[in-house]
Each structure stands twice: as structure tokens, then as C-alpha cells.
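These notes are about the structure you will find just below.
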Protein chains: 2
Amino acid sequence: MLELRHLRTLQALHETGSVSRAAARVHLTQSALSHQIRVLQAHYQSPIIQRHGHAVQLTEAGRRLVQLAEKILGEIRAAERDLAKISQKATGSLRIVLECHTCFDWLMPIMDTFRADWPDVELDLVSGFHSDPVHLLRHGAADVVIGSEPGLQPGIVHFPLFRFEILAVLAPGHELGKKRVLEAQDFSRDMLITYPVPDERIDLIRQVLIPANVTWQRRTAELTVAILQLVASRRGIAALPGWGITNYLDYDYVIARRIGRRGLWSDLYLSVREETATLGYLQDFLATIRQVCFAKLEGVRPLRAAKQRKK
Amino acid sequence: MLELRHLRTLQALHETGSVSRAAARVHLTQSALSHQIRVLQAHYQSPIIQRHGHAVQLTEAGRRLVQLAEKILGEIRAAERDLAKISQKATGSLRIVLECHTCFDWLMPIMDTFRADWPDVELDLVSGFHSDPVHLLRHGAADVVIGSEPGLQPGIVHFPLFRFEILAVLAPGHELGKKRVLEAQDFSRDMLITYPVPDERIDLIRQVLIPANVTWQRRTAELTVAILQLVASRRGIAALPGWGITNYLDYDYVIARRIGRRGLWSDLYLSVREETATLGYLQDFLATIRQVCFAKLEGVRPLRAAKQRKK
DNA sequence: ATCAACTATGAACACTATTCATAATTATGC
DNA sequence: GCATAATTATGAATAGTGTTCATAGTTGAT
């Protein structure tokens with residue numbers, strides 16, 4: 001009666017706090033989840049979620065089921081990891097190229113757990129800037145690229161990771177902070193502080209400033225903390241992923257504003273060579289990223305929602 | 001891809017060592033399990049069972065999955081117990097009447113775990129012999145009857161527990177031990193040692209001796225160990241459930257023989273009043289009995305094999 | 001060697017979770 | 001406040017697939 005899909009649904013529901021977002025995460029329609037919840041409540045003769053308007057909150061029964069889900073889904077992952085090790089060799093290498101600097105933040109802890117789970121897989125970061133990272137895949141200089149907007153490349157497989165919002169970051173008290181939403185023109189006055197990468201790799205410039213024909217001034221910094229320091233000390237403004245700055249927002253070190261009416265969103269993909277795609281440890285790496293990022297990162301949304309069909 | 005049904009199947013497969021017996025236990029056909037196994041092996045690209053003739057043995061991958069099953073199915077049981085406590089009150093009483101004396105052996109440890117799981121349910125054994133135990137249910141003097149062969153009783157619900165074989169028990173070196181299978185006539189010579197209950201409640205007498213028109217001599221003892229002591233000291237022979245004497249067989253304290261070509265089998269049911277049937281703790285009690293007995297008792301088989309439909 | 005019991009496999013079926021279409025409810029902007 | 005957008009609930013239809021059925025192939029016992 002209770003099935004694994006119910007547990008996955010409950011977990012997603014708990015993490016997203018919304019039926020439709022949860023539905024997107026488990027690659028089903030909102031309707032499907034609604035039915036699932038109804039069936040569960042009928043079966044256990046006890047409400048599982050409680051509505052406060054649109055927001056859902058879990059009841060005691062719901063929380064118990066989520067707790068069960070965490071445990072069980074984790075154990076299944078672990079078992080399937082072991083099975084993968086049994087059916088294929090558990091050695092190899094995963095040299096990762098990061099297009100997105102901020103991604104260091106969430107990737108580091110994931111690399112730690114991965115190393116513990118796959119001691120015989122060499123995990124490395126390919127450092128430095130690369131204009132065409134997929135090239136590195138082709139030539140065997142790297143095994144994984146984490147980045148955005150992949151074109152269709154023969155022999156290369158792209159796995160969607162997630163979609164996240166890029167927010168404008170300002171010093172507290174900055175006069176732009178009076179606006180709820182910043183527009184392209186708002187970026188013409190202040191110095192724009194970015195990572196040291198070409199213009200076209202900066203979403204704000206490519207997707208907002210250039211289309212609006214706005215000019216900008218730019219200076220760079222290597223690390224996220226350095227950028228934030230400059231912003232906080234009023235040397236300029238920045239545009240960073242929402243999940244990268246939540247900590248600083250909580251302490252009012254900086255403030256954040258949406259960029260454009262609908263916000264500026266960016267998609268993250270993981271790309272590998274076809275041969276790499278089926279490896280057990282790669283699949284596990286992928287699953288770990290998704291799980292951890294959806295669970296821990298603020299404002300992260302699933303990509304390729306309900307359209308995709310599982311093979 | 002992996003579903004709970006697969007784990008239940010694997011567990012049953014592990015406990016029974018046979019596809020068809022496992023199928024009966026999970027209330028599916030042998031064909032269904034065969035398909036399930038095939039799908040699993042294809043999915044994990046690794047054999048899960050290994051055949052030695054008809055006997056199945058689990059591979060490394062299979063054992064890992066069984067280990068997963070034990071953990072997960074246990075956790076689900078625990079969670080559902082908690083949910084039952086949330087949706088309905090967890091207090092009440094379970095006064096049990098045992099028709100079958102030997103059942104003490106497996107019931108005692110189950111009662112212990114049950115008491116830990118449901119501290120507010122009063123669990124008791126109704127002692128003494130009762131000619132019509134269902135009467136006790138009706139009059140509220142008992143809540144549960146564990147026994148055999150229930151007639152259709154209005155207001156009373158019968159849950160099948162399991163089927164087990166009753167074996168003839170002899171002293172080592174007894175001349176009947178030369179035969180592989182004992183027939184009705186073989187019981188006319190020796191003293192028959194039984195529990196102190198009427199003739200018609202002794203399966204051997206009712207189902208074998210009377211139909212064959214064989215006469216017998218009988219003496220009684222209260223406890224299983226007492227009966228076995230008498231048998232071992234050559235005061236007579238007995239007929240007891242296979243699982244009740246495995247320990248003694250292992251130490252060659254007594255020997256056992258099949259009764260009749262097909263063996264003498266007995267069915268065990270749990271009966272309650274209709275109102276009791278839906279209570280959370282009763283369902284849990286039932287589930288615990290099935291789980292423990294199938295896992296721990298030798299030669300126990302499921303009842304009402306593939307015919308029944310789940311609601 | 002024959003028979004009984006068990007297992008594997010393809011095709012047909014039956015079940016039911018999911019989607020689709022839509023109404024109802026809630027939030028947000030002007 | 002009203003209109004619009006977003007979210008959720010619900011019944012009916014669909015589609016996907018797990019189960020059974022029928023049967024052939026194995027294994028083991030007498």
C-alpha cells in the first residue's frame with residue numbers, strides 16, 4: 001500500500017513546501033501528487049498535510065513519514081551503490097571542470113562524501129579558466145563539466161541538475177535597495193563585481209545588460225567572500241546565486257534584490273562523455289548532487305519538469 | 001525501479017529457498033516472481049540468485065538486497081505502528097486463547113516484543129482448556145483465539161496464520177524409525193503421548209487414526225518438554241509440529257518421521273470479533289506473528305496461497 | 001525411465017497510477 | 001476591491017506495466 005513513490009513525494013513535499021514544486025521535483029504532475037496524498041490519508045485514516053492557504057505544513061503523521069523517507073531512501077541509495085560496485089569495477093577518475101565559480105560552495109561537501117563512498121575513484125577539480133570546457137571532455141583532459149546551457153554535442157551527454165535564481169547583491173542601505181526589483185539601467189551607475197571570466201559567461205551581462213543596451217563597469221575578484229566584502233564596503237554591486245548568499249543575508253551583511261520582473265534564472269547541467277554516463281559512480285555522483293542541492297540549497301528548482309519520460 | 005514488492009519477494013525467497021514457496025508467501029504466482037527476479041537482474045546487471053538444481057541460493061548482490069529488505073521492511077512496520085497510534089488510540093486489551101499448546105513456544109517471544117511496542121495494550125493469556133473458544137470471544141471473555149479450522153461464524157473474523165507439518169516423534173533407535181513414513185497402523189502398538197485435550201482436538205487422532213479405524217492408547221503431559229522426555233525414555237510416541245522439535249532433533253534427543261505419504265498438516269488461524277479486526281494493534285500483532293513465524297519456524301508454509309485478493 | 005514438482009517465458013489481461021481537463025481556491029498587482 | 005495569475009482538488013480517460021494464464025523446459029525422486 002505504501003510505496004517508495006509515496007516516500008519520494010513526501011520528501012519533496014517537505015523540502016519544497018508546495019505540491020506543484022514537489023511534483024516537478026519527482027517528475028510528475030501536480031495532479032498526480034494530489035491524488036497520492038489523498039490515497040495516503042485515506043489509507044492511514046489521518047491527515048498528512050495541513051494547508052495554510054497555499055503553503056502546506058506536515059502534520060505529525062506527515063513528519064513521521066518524512067522521517068521514514070529520509071532513512072529508507074538513504075538506505076536504498078547505499079545499497080544500490082554497493083550493487084553498482086558488485087556489477088562493475090569501482091575504480092576510475094572523475095576530473096571535474098566548474099564553469100560556475102560559486103558552485104564550489106556546494107560541491108566541496110559533496111566531494112567529501114563521494115570520496116568516502118568511492119575510495120577508489122580519483123576525484124579532482126580541473127583548475128583554471130577554460131573557454132570551451134566540453135573540449136576538455138573530448139580530449140580526455142576532464143571527465144565531468146558542471147555548467148550551463150549546453151549545446152547539443154554528439155558523443156556528450158547532458159544531465160540537468162537544477163535551476164536557480166541569480167540575485168543582485170547590494171550593501172545594506174544602498175539606495176537601489178529601495179526598489180523591490182532592479183532593472184538593467186540600475187546597473188549602469190555602480191561598479192559591477194564579478195568572477196574573473198569573460199563578459200559572455202556572466203549571465204547578468206549576457207541576458208540583461210547587453211539586450212537592454214546598457215553599459216557597465218566591471219572589476220573582478222576570485223572568491224565569493226571577496227566579492228561580498230567589496231559589495232558590503234560599497235565598492236560596487238554583484239549578481240550571485242541566491243543559495244550562495246543566504247548566510248550573508250541572514251546576518252544583514254548584504255541585501256539582495258530580484259533582477260527583472262520574472263527574475264534572472266540560470267540552469268545548471270552536468271555533462272560527460274557518453275561512455276562515462278553509464279558508470280555506477282557517475283550516476284551516484286549525479287544522484288548525490290541532486291539530493292544534497294535540493295535539500296540544502298535555498299530557492300533551487302528542478303529542471304525539465306514534468307515533460308521528460310523516464311526510460 | 002526497485003520497489004517494495006521486490007524487497008518482500010527477495011526476503012521471502014531468502015526464507016523459503018524456493019520461488020514457488022516464496023510466491024505463496026507474498027500472495028503471487030510463481031510466474032510473477034520469476035518475472036520480478038528477471039527484471040531485477042536486468043536492472044542491476046548482475047545475477048541475484050544462483051540455482052543448484054531447484055534450490056536457489058542468493059548471490060552477493062542478492063544478499064545485499066535481502067539485508068536492505070530486512071532493514072527497510074522493519075522500518076516501515078515501525079513507522080506504520082506509529083501512524084496507527086496517531087490515528088487511533090493505542091490502548092485496549094488482547095486476551096489470547098491458545099487452542100494449540102505447542103504454540104506457546106513461538107508466542108512467548110512475540111508477546112515480549114509486542115509489549116514493548118504497545119505498552120498500553122494489556123496482553124494476557126486466557127489459561128485453562130476451553131471446549132468452544134469462539135464462545136469466549138462472543139462473550140467478551142477473550143479477544144483473540146489462535147487455533148485451527150474455524151467454521152464460518154457471523155461476527156467473527158478469521159485471519160490465516162500458516163500451515164505446518166505434524167511429525168511423529170520417536171526415541172532414537174525405535175524400530176518404527178526404520179520406516180521413512182509412518183501409517184495409521186504404526187500407532188496402535190505404542191502409547192500415544194499428547195497434551196491433555198479431548199480426542200477430537202488431536203489432529204493425529206481425528207485425521208489419521210479414526211478414519212483408518214485404528215485403536216490407540218493415550219497418556220497426557222502438560223508441557224512439550226515433558227512429552228519429549230517421555231518419548232525419549234521410550235514410554236511412547238508423540239505427534240508434534242515440526243518447528244516445535246527442531247532443537248531436539250538437532251541433538252538427536254528424539255527422531256521424527258512423516259505421517260502418511262503426504263504428511264499430516266495442520267492450519268493455524270487467528271480469530272477475533274469483527275470490531276477487533278480493524279484495530280491498529282491487532283493488525284500489528286498479526287503482522288508480527290506472520291513475520292516472526294515465517295522467518296524463524298522451520299517448515300512453516302503460507303496459507304491461502306495465491307487465491308486471495310488484497311482489498 | 002517415468003512421473004511429479006518446480007521453474008522460465010511469451011502473450012493476454014487487469015489493474016491502477018498518471019495525465020488531462022476543469023473547477024475551486026488563494027495570492028498578488030494595480 | 002477587482003482582475004489576473006498561480007496554486008490546488010477532483011472526476012474521467014488514458015497509458016503503462018505487473019500479474020496471470022498457458023505451456024514448455026528442468027530437475028529430482030522412485
Side-chain angles (χ1 to χ4, degrees), chain A residues 1-10 12-13 16-43 47-58 62 179-181 258 260-263 301-302 305-311, chain B residues 1-10 12-13 16-43 47-58 62 179-181 258 261-263 265 301-302 305-311:
Chain A
M1 269 294 356
L2 179 75
E3 292 293 336
L4 293 180
R5 88 186 89 93
H6 296 129
L7 296 180
R8 292 188 232 277
T9 294
L10 267 284
L13 212 49
T16 62
S18 140
V19 177
S20 21
R21 276 198 298 269
R25 174 145 336 158
V26 295
H27 303 298
L28 290 174
T29 61
Q30 163 270 323
S31 175
L33 289 226
S34 210
H35 283 295
Q36 279 191 12
I37 297 167
R38 224 158 57 96
V39 168
L40 275 185
Q41 316 215 50
H43 180 242
I48 288 174
I49 59 173
Q50 223 171 348
R51 303 214 142 278
H52 296 32
H54 278 167
V56 298
Q57 196 167 4
L58 291 160
K179 302 182 69 173
R180 285 254 280 287
V181 169
R258 170 160 284 195
R261 278 206 44 150
R262 311 222 150 244
R301 309 213 162 183
K307 266 323 188 226
Q308 109 186 124
R309 194 113 313 189
K310 60 213 145 186
K311 84 148 229 189
Chain B
M1 269 293 355
L2 178 74
E3 292 294 335
L4 292 179
R5 89 186 86 94
H6 296 129
L7 295 180
R8 293 188 231 278
T9 294
L10 266 286
L13 212 50
T16 62
S18 138
V19 177
S20 22
R21 276 198 299 268
R25 174 146 333 159
V26 295
H27 304 298
L28 289 175
T29 61
Q30 163 269 322
S31 175
L33 288 226
S34 211
H35 284 295
Q36 279 191 11
I37 297 168
R38 224 158 57 97
V39 169
L40 275 185
Q41 316 215 54
H43 179 243
I48 288 174
I49 59 173
Q50 222 171 348
R51 306 213 139 279
H52 295 31
H54 278 167
V56 298
Q57 196 167 5
L58 292 160
K179 301 182 69 173
R180 286 257 278 286
V181 170
R258 170 159 283 195
R261 278 208 44 148
R262 311 223 149 243
W265 294 82
R301 308 214 162 183
K307 266 321 188 226
Q308 109 186 122
R309 192 115 313 189
K310 60 212 142 182
K311 85 145 227 191

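Protein chains get the first letters and strands the later ones, always in sequence-line order, with residue 1 at the start of each. We use all heavy atoms of the structure for the numbers below, so side chains are in, but hydrogens, waters and symmetry mates are not.
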Comparing nearest nucleotides in DNA chain C, the 5'-proximal residue of the pair A:L33, A:H52 is A:L33

At what distance, to the nearest 0.5 angstrom, does [atom1] of [X] lie from [atom2] of [Y]?
X      : Y      : atom1 : atom2 : value
B:S34  : B:L28  : OG    : CG    : 12.5 Å
B:I48  : B:Q57  : CD1   : CD    : 14.5 Å
A:L10  : A:R5   : CG    : CZ    : 12.0 Å
A:K179 : A:R258 : NZ    : CZ    : 14.5 Å
B:S18  : B:L33  : OG    : CG    : 9.0 Å

Write down the protein N/O and nucleotide N/O pairs, taken from nucleotides 9-12 of chain D, whose separation is under 3.5 Å; answer none if there are no such pairs.
unit_1 : atom_1 : unit_2 : atom_2 : d
D:dA9  : OP1    : A:R51  : NE     : 2.9
D:dA9  : OP2    : A:S34  : OG     : 2.9
D:dA9  : N7     : A:Q30  : NE2    : 2.7
D:dA9  : N6     : A:Q30  : OE1    : 3.3
D:dT10 : O4     : A:S31  : OG     : 2.9
D:dG11 : O6     : A:H35  : NE2    : 3.1

Minimum side-chain heavy-atom gap B:I37-B:L13 below 4.5 Å: yes

Nearest-Å distance for atom pair [atom1]/[atom2], residues [X] and [N]:
X      : N      : atom1 : atom2 : value
A:R261 : D:dT4  : CZ    : P     : 14 Å
B:L28  : C:dT7  : CG    : P     : 15 Å
A:Q57  : C:dT26 : CD    : C1'   : 17 Å
B:L13  : C:dC6  : CG    : C1'   : 13 Å
A:L2   : C:dA17 : CG    : P     : 12 Å
B:I48  : C:dT7  : CD1   : P     : 16 Å
B:Q36  : D:dT20 : CD    : C1'   : 13 Å
A:M1   : C:dC15 : CE    : P     : 16 Å

For A:R262, which contact category applies under a 4.0 Å heavy-atom criterion: base, sugar-phosphate, or nothing? sugar-phosphate

What contact category does B:R180 fall into here, base, sugar-phosphate, or nothing, at under 4.0 angstrom with non-hydrogen atoms? sugar-phosphate

Which of C:dC30, D:dT19, D:dT26 is nearest the side chain of B:H54? It is D:dT26

So, OP1 or OP2 of C:dT19: does either fall under 4.0 Å of a side-chain N or O from A:T29? yes

The single option from A:H6, A:E3, A:M1 that satisfies side chain to side chain contact (heavy atoms under 4.5 Å, CB included) with A:L40 is A:H6

